[in-house]
Undergrad: 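Sharing a structure, written as structure tokens. Questions coming.
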Amino acid sequence: MIFLGAPGVGKGTQAEFVASRFHVPKISTGDLLREGVAKQTPLGLKAKGYMDRGDLVPDEVVIGLVQEKLSSSECSLGFLLDGFPRTVAQADKLSELLADQGLALDHVVHFVLPREEIVRRLSGRRSCSKCPAVYHIESIPPKQNGVCDQCGADLVQRSDDRPETVQSRLTVYEQQTAPLIDYYKRKDLLFELDGSGPVEAVQDRLLALLSKPRVE
Ligand code: AMP
């Protein structure tokens, strides 16, 4: 399964939910890269500049990350990709990797949301500095200001969620990632999901969509 859509559409939140509900591993290239940056690994050091500018990290770097994850035994029965692929070259490479492992994609879910709402969500997003929990200052506030409900750590604004970087991330999405919508439509794998409204409403629509049998 692939979750596709602009930054801020809610893919990560719903990916967290689906992964725990269906017990499938979630592979989020953004999370893996941020982990590398925090730990100052060679990969993190290479990726940091691109991420701070809102640019995509080079294909070979993220493909290497995904390749390593997909070949692990926990992914042998299925997985959910959040934020990958983001370019046609990544999508082509993914097809090759899946074919090598005898796997096929079931769903590519395209999260749809108007640009103004995306900007509102990104600028109010706060992430936990320790665990994967994500909040929004207005629509999903933590119980205590600036503190994670799950683990008590400080909430921070991702450096790439600042307004100046948000605009370039959206432009990068439109130019480099949006072509994947047609790419997967042509392969008859694309499912459109209305990403508007509260988290629970999107969750319900997503569950309904995933329960539809795939048309062969
Ligand atoms: P995300 O958390 O998915 O919004 O990703 C945060 C940042 O990580 C992006 O703005 C990119 O700089 C980088 N990134 C994540 N996934 C990819 C990918 N598949 N290809 C290239 N860069 C990526």
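In listed order, ligands and their atoms are each counted from 1.
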Undergrad: Can you figure out which of Asp55, Val62, Asp52, Asp160 has its heavy atom closest to atom 11 (C) of ligand 1?
TA: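 Among Asp55, Val62, Asp52, Asp160, the closest heavy atom to atom 11 (C) of ligand 1 belongs to Asp55.
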Undergrad: Do any nitrogen or oxygen atoms of Asp31 come within less than 3.5 Å of a nitrogen or oxygen of ligand 1?
TA: no
Undergrad: Would you call Lys11 a ligand 1 contact, heavy-atom distance under 4.0 Å?
TA: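 Per 4.0 Å heavy-atom rule, Lys11 does not contact ligand 1.
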Undergrad: Please state which option from Val37, Val57, Leu32 has its nearest heavy atom closest to atom 22 (N) of ligand 1.
TA: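 It is Val57 whose heavy atom sits nearest to atom 22 (N) of ligand 1.
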Undergrad: Do other residues, nucleotides or ligands put more than 12 heavy atoms under 6.0 Å from the CD atom of Glu164?
TA: yes
Undergrad: Taking OH in Tyr50 as the centre, count heavy atoms belonging to other residues, nucleotides or ligands within less than 6.0 Å. Is the count above 12?
TA: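 No, the 6.0 Å shell around OH holds no more than 12 heavy atoms from other groups.
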Undergrad: Does Glu68 CD have over 12 foreign heavy atoms under 6.0 Å away?
TA: no
Undergrad: Using a 4.5 Å cut-off on heavy atoms from C-beta on, say whether the side chain of Tyr135 contacts that of Pro141.
TA: no
Undergrad: Counting each atom of ligand 1 from 1 as listed, which ones have a heavy atom of Gln90 under 4.0 Å away?
TA: 18 (C), 19 (N), 20 (N), 21 (C)
Undergrad: For ligand 1, is there an atom lying under 4.0 Å from some heavy atom of Arg158?
TA: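 The answer is yes: ligand 1 sits under 4.0 Å from a heavy atom of Arg158.
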Undergrad: Should the pair Arg169-Asp160 be classified as a salt bridge under the 4.0 Å nitrogen-to-oxygen rule?
TA: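 A salt bridge is present here (some side-chain N lies under 4.0 Å from a carboxylate O).
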Undergrad: Would you find a donor on one side and an acceptor on the other, under 3.5 Å apart, between the side chain of Tyr184 and the backbone of Ile2?
TA: no
Undergrad: For atom 5 (O) of ligand 1, which of the options Arg86, Met51, Gln176 provides the nearest non-hydrogen atom?
TA: Arg86
Undergrad: For the 3.5 Å polar cut-off, considering only N or O atoms, please tell me whether Thr29 and ligand 1 meet it.
TA: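 Looking only at distances, the answer is yes, because the N/O contact criterion of under 3.5 Å is met.
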Undergrad: Atoms of ligand 1 less than 4.0 Å from Arg169 heavy atoms?
TA: 4 (O), 10 (O)
Undergrad: Step by step, work out the side chain to side chain donor-acceptor pair (under 3.5 Å) result for Asp154 and Ser129.
TA: CA-CA 6 Å; Asp154 288 343; Ser129 52; 5.5 Å; no
Undergrad: Taking only heavy atoms of Leu33, which atoms of ligand 1 are found under 4.0 Å from at least one of them?
TA: 8 (O), 13 (C), 14 (N), 15 (C), 23 (C)
Undergrad: N/O of Pro85 under 3.5 Å from N/O of ligand 1, yes or no?
TA: no
Undergrad: Has Asp59 got a side-chain atom pairing as donor or acceptor with Gln90's backbone, closer than 3.5 angstrom?
TA: no
